[in-house]
Amino acid sequence: MKAEIAVGALSQTFRILAADDDQLILDLYRDILTGFGDQAGRSYELVACHSGLEAIDAISASLKAEDPFAVAFLDVRMSPGPDGVRTAAMIRQLDADVEVVMVTGYSDLDPVEIARQVGRPEKLLYLQKPFHPLEIQQFARSLATKWQAERQVREAYRHLEAQVEERTAELAKANQRLRRDVAERERTQAALRRSQERYRQLVENINEIILTLDDKGVVTYISPVVERLMGHRVEDVVGRPFSRLIYPDDREILRRTLAGAPEPQELRVLDGEGGLRLASLSGRVITEGGRPAGLTAVLTDLTELKRWESQQRLAAKVLENSIEGIIVTDERGVIEMVNPAFTSITGYTADEALGQNGLEASFNEEGGEISLEIMDSLASTGQWRGEAWSRRKSGEAYPAWRTISAIKDDRGRVSHYVIVFHDISEIKRRHDEIKYKAYHDALTGLPNRLLLEDRLKVALAHAQRSRSQIAVLFLDIDRFKDVNDGHGHGVGDQLLQEAARRLSLALRQEDTVSRLGGDEFLIVVEKVKSAEDAQGVACKLGQMFAQPFEIQGRPIQVTASIGVSIFPEHGQDPRTLILKADKAMYRAKELGRNRCQLYED
């Protein structure tokens, strides 16, 4: 039988999977979730499955369609095929992010063993049959919200990683250009040295063109290298005016050289293919009888040098205007150059940084030696990238994403290191803020129900091992609606904040107080000695409400009703303990409010 779609997608729809071998239960899920939504426009699409195999197929199909499920309700003892526990384990292998709720009508479950088989206990909850429709709706809403928040965190991480990879690729290209520029500069310098040596030896194959002109500017001699450098044959040049090889707009420069200009003159020369080459012309006037008789000149091709200088200026502008901090060190790690962004991020000026060890001071929060992991990566791959902590000049520690590259010379030996980094403090702050909001109440800052249930599960597991008792207290502020109606919701919110503060101060550090919503608080007290001890803690908390709350300059008097359940006497799982504490609280209200009440069967 194929899975059935029960609820259509709305503007923001969460997919819910329910698997049970009882068609009546599946119909109940459908009735509960059909039309269920909230003011934010969220709705819930139910996929009903009659067996574990159907549920697994539905999960697999949703992943292929890139439309995953947020929550899965699984009957623990369904048949035929795999039961709910085995189904949950196989679903977890397909989709580790889906929130799983184990549903059963039996009370002999072992949550620890189920968590061991299924994995990821923080995404595993339990629901007792028969359940109330509000429970299904609450589970669907809270777990879908948690699933969505965690998915947004993962998307934020993926977006961050994509940005980092993109920026790293850009910087790697800049590093490649820088390495090419350094190599090109070394080659150009070597060529200039060779040219000077050949000039000293006055050989015919030097890279400068030696020529002589008569007093009318006609070429009387030109070295054979003109063919290699300019593409002109010697016989096509000698005996003709040199000016015909000069770009028309630059012929006045030639006339100044013929007139005895002492400085080299830059001008444009036509090559053998009609293209332009930038050259430097320097000459010495030959005189006879005190009158100019001609010119001995050297013509040097500057085209490649000017192109290299232009690339150097461009590389310098890239370094100067980059928003990432850039450090260039020698092969020992001693800083030779930093860019302005380095100063903006760290607070250190270039003068303060030069001569320091950039590999150590830049990568370690406390100074110290650079890690072996980084050095091993540089030795094996020539690069390292990752997150590291450093300190600004002010002493403030900050996280940064860093890339370090080793630059090698022509002999394959490391000559420089280039370190590129940017501050990721704001990115990490946003991530922590999103994570905090997912598990805390926005009004009071207390843990919300998700975090409380997670802590309660951990506490129960510890209590089972240590054979200790745990008290669950369900606190409700009496007639809180009267405060909102009589004084306004602003006063009501401030009263809730002050109540949360008083409760937190009254409890031990290992205990947990959370706000469920409205005027309801849930408290977990670990290692209680007896039921009477737990009831005493509850009554002590209730007595704190005897002192009026000072809100906006006026005293507000309220009381609290508190229900208490005890592990293991009243239940073995979070849901049962919370439910019985809730029932005890309502019993306290029936008995007149402003009292604490231990659960009684």
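- Checking each of Ile523, Leu473, Leu475 against Val564 for a side-chain contact (heavy atoms from CB on, under 4.5 Å) leaves exactly one that passes, namely Leu473.
- The pair Glu600-Arg587 does not count as a salt bridge, with every side-chain nitrogen at least 4.0 angstrom from each carboxylate oxygen.
- Between the Glu387 side chain and the Ala400 main chain, no donor and acceptor come within less than 3.5 Å of each other.
- Panel note: side chain Glu54, backbone His50; a donor-acceptor pair is recorded below 3.5 Å.
- The shortest heavy-atom contact between Ala438 and Leu450 is O-CD1, 4.0 Å.
- No side-chain donor from either of Arg151 and Gln148 sits under 3.5 Å from a side-chain acceptor of the other.
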Could you go through Thr403 and Arg167, starting from their C-alpha distance and side-chain angles, then the distance that decides it, and tell me whether this counts as side chain to side chain donor-acceptor pair (under 3.5 Å)?
CA-CA 10 Å; Thr403 299; Arg167 186 57 54 83; over 6 Å; no

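- Here the shortest heavy-atom pairing between Ala581 and Val472 reads CB-O, 3.5 Å.
- One distance of note links CD of Glu324 with CD1 of Ile419; it measures 14.5 Å at 0.5 Å rounding.
- One finds no salt bridge joining Lys428 and Asp432 here, because no Lys/Arg side-chain nitrogen approaches an Asp/Glu carboxylate oxygen to under 4.0 Å.
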Start with the C-alpha gap between Val71 and Arg15, add the side-chain angles, then the distance that decides, and say whether side-chain contact (heavy atoms from CB on, under 4.5 Å) holds.
CA-CA 7 Å; Val71 184; Arg15 303 193 73 205; over 6 Å; no

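- Checking side-chain atoms of Asn448 against main-chain N and O of Leu451 turns up a donor-acceptor pair under 3.5 Å.
- Figure legend: cation-pi geometry between Arg502 and Phe545 absent, as NZ or CZ is not positioned both under 6.0 Å from the six-membered ring centre and within 45° of its axis.
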Between Phe14 and Glu45, does the side-chain contact (heavy atoms from CB on, under 4.5 Å) criterion hold? Intermediate values first, please.
CA-CA 6 Å; Phe14 293 103; Glu45 174 185 310; over 6 Å; no

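- Summarising the geometry of Ala140 relative to Tyr44, their closest heavy-atom pair is O-CE2, 3.7 Å, with the distance given to 0.1 Å.
- To the nearest 0.5 angstrom, Leu495 atom CG is 13.5 Å from His489 atom NE2.
- A donor-acceptor contact closer than 3.5 angstrom links the side chains of Thr576 and Asp573.
- With respect to the salt-bridge test (charged N to carboxylate O, under 4.0 angstrom), the residues Arg30 and Asp27 qualify.
- Using a cut-off of 4.0 Å between Lys/Arg side-chain N and Asp/Glu carboxylate O, Arg392 and Asp423 are scored as salt-bridged.
- Atom NE2 of His440 is separated from atom CG of Leu452 by 11.0 Å, given to the nearest 0.5 angstrom.
- Other residues, nucleotides and ligands contribute at most 12 non-hydrogen atoms within 6.0 Å of the OH atom of Tyr157.
- One finds a salt bridge joining Asp20 and Lys129 here, because a Lys/Arg side-chain nitrogen approaches an Asp/Glu carboxylate oxygen to under 4.0 Å.
- Within the 3.5 Å criterion, the main-chain N or O of Val458 finds no donor-acceptor partner in the side chain of His462.
- Looking at Glu498, its side chain never comes within 3.5 Å of a backbone N or O of Phe549 through a donor-acceptor pair.
- The minimum heavy-atom distance between Thr13 and Ser43, with the atom names listed, is OG1-OG, 3.1 Å.
- Between atom CD of residue Glu166 and atom CD of residue Glu161 there is a gap of 14.0 Å, rounded to the nearest 0.5 Å.
- A salt bridge links Glu99 to Lys146: one of the charged nitrogens lies within less than 4.0 Å of a carboxylate oxygen.
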Test side chain to side chain donor-acceptor pair (under 3.5 Å) applied to Gln497 and Asp493, step by step:
CA-CA 6 Å; Gln497 292 170 339; Asp493 288 346; over 6 Å; no

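- Inspection of the Arg554 and His487 side chains reveals an N or O donor paired with an N or O acceptor under 3.5 Å.
- Side chain of Gln469 to backbone of Lys529: a donor-acceptor contact under 3.5 angstrom is found.
- Between Arg429 and Glu433 there is a salt bridge, since a side-chain N of the basic residue sits under 4.0 Å from a carboxylate O of the acidic one.
- Atom NE2 of His132 sits about 12.0 Å away from atom CG of Leu127, to the nearest 0.5 Å.
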Could you go step by step and tell me if Leu17 and Cys49 meet the side-chain contact (heavy atoms from CB on, under 4.5 Å) rule?
CA-CA 7 Å; Leu17 183 143; Cys49 301; 4.2 Å; yes

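- Ser561 and Asp476 form no side-chain donor-acceptor contact under 3.5 Å, judged by distance and modelled atom types alone.
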After noting the C-alpha distance and the side-chain angles of Arg575 and Glu135, does the key distance pass the salt bridge (Lys or Arg N to Asp or Glu O under 4.0 Å) rule?
CA-CA 10 Å; Arg575 179 184 174 278; Glu135 290 183 292; 2.9 Å; yes

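- Side-chain atoms of Ser60 and Asp57 form no donor-acceptor pair, as typed in the model, at a separation below 3.5 Å.
- For the pair Val47 and Ala58, the tightest heavy-atom approach, listed with the atom from each and the gap, is CG1-CB, 4.4 Å.
- The distance between the ring centers of Tyr29 and Phe131 falls below 6.0 angstrom.
- With Arg455 contributing its side chain and Thr512 its backbone, the two residues share no donor-acceptor pair below 3.5 Å.
- Considering only heavy atoms from C-beta on, Arg385 stays 4.5 Å or farther from Ile404 through its side chain.
- Judged purely by atom type and a 3.5 angstrom limit, Arg508 uses its side chain to pair as donor or acceptor with the backbone of Glu526.
- Residue Arg86 qualifies as open at atom CZ: its count of foreign heavy atoms under 6.0 Å is 12 or below.
- Side-chain contact of Arg501 with Thr444: a donor-acceptor pair under 3.5 Å is absent, judged by distance alone.
- For the pair Arg449/Leu516, a side-chain contact is recorded, criterion being any heavy-atom separation below 4.5 Å from C-beta on.
- Panel note: side chain Thr381, backbone Leu378; no donor-acceptor pair is recorded below 3.5 Å.
- With hydrogens and angles disregarded, no donor-acceptor distance shorter than 3.5 Å links the side chain of Arg515 to the backbone of Ala442.
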Given Met585 and Gln597, is the side-chain contact (heavy atoms from CB on, under 4.5 Å) satisfied, shown in steps?
CA-CA 6 Å; Met585 181 273 292; Gln597 178 68 38; over 6 Å; no

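- Counting heavy atoms from C-beta on, the side chains of Phe521 and Leu446 come closer than 4.5 Å.
- Heavy atoms from other residues, nucleotides or ligands lying under 6.0 Å from NZ of Lys527 number 12 at most.
- The CH2 atom of Trp147 sits 8.5 Å away from the CG atom of Asp97 when rounded to the nearest 0.5 Å.
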Could you walk me through whether Thr559 and Asp478 satisfy the side chain to side chain donor-acceptor pair (under 3.5 Å) test, starting with their C-alpha distance in whole Å, then the side-chain angles of each, then the deciding distance to 0.1 Å, before giving a yes or no?
CA-CA 5 Å; Thr559 60; Asp478 298 326; 2.7 Å; yes

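- Asp95 approaches Leu63 most closely through the heavy-atom pair OD2-CD2, 3.8 Å.
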Show, in sequence, the C-alpha distance, side-chain angles and deciding distance for Arg430 and Glu426, and conclude whether the salt bridge (Lys or Arg N to Asp or Glu O under 4.0 Å) test is met.
CA-CA 6 Å; Arg430 292 177 185 170; Glu426 182 61 20; 3.4 Å; yes

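- Taking the side chain as every heavy atom from C-beta outward, Leu94 and Ile56 approach each other to under 4.5 Å.
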